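Below: one structure, written as structure tokens.
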Amino acid sequence: MPHTPADKKKALTRLRRIRGQCDALEKALEAGADCGPVLQQLAAIRGAVNGLMSEVMGMYLHEEFGSTPQISSAQQASIDNILSLIRTYLK
């Protein structure tokens with residue numbers, strides 16, 4: 001969970017954008033839109049949710065492991081590597 005005001009605002013902004021995409025998808029389905037645009041919107045929503053998950057995971061890892069005064073540069077590099085792998089997986 002984001003704890004700083006800036007991180008919280010960033011996460012909420014992303015979530016509101018996702019909600020808007022879901023509302024647009026609902027309207028498209030109600031209107032009987034073609035499958036292509038519906039599938040494209042679904043893919044956009046999935047990407048947005050994965051992006052939000054990646055951001056929250058990054059905030060969590062940095063909060064739990066990256067803010068310790070005793071963290072070495074090797075440990076910081078490991079955290080950054082894990083985040084990179086997670087973001088690659090979620091794309």
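Since the structure is predicted, the reported quantities are computational estimates derived from the model, not experimental observations. All residue numbers in this chain count up from 1 along the given sequence.
Here the straight-line distance linking atom CE of M59 with atom OG1 of T4 works out to 7.0 Å at 0.5 Å rounding. A distance of 9.0 Å separates SG of C22 from CG of L15, quoted to the nearest 0.5 Å. Put simply, CG on D23 and CD1 on I18 are 12.0 Å apart, with the number rounded to the nearest 0.5 Å.
With hydrophobic clusters built from ILVMFWY side chains whose heavy atoms lie under 4.5 angstrom apart, L85 does not share a cluster with I79.
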Let me check something: any side-chain donor-acceptor pairs from residues 35-56 under 3.5 Å, sequence neighbours excluded? List them with distances.
from : atom 1 : to  : atom 2 : distance (Å)
Q41  : NE2    : Q21 : O      : 3.2
N50  : ND2    : L90 : O      : 2.9
S54  : OG     : R87 : NE     : 3.0
E55  : OE1    : K10 : NZ     : 3.3

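Exactly one of R14, K9, K8 qualifies for a side chain to side chain contact (heavy atoms under 4.5 Å, CB included) with L12. That residue is K8.
Under the 3.5 Å distance criterion, the side-chain polar atoms of S84 are left unmatched by any main-chain donor or acceptor of D80.
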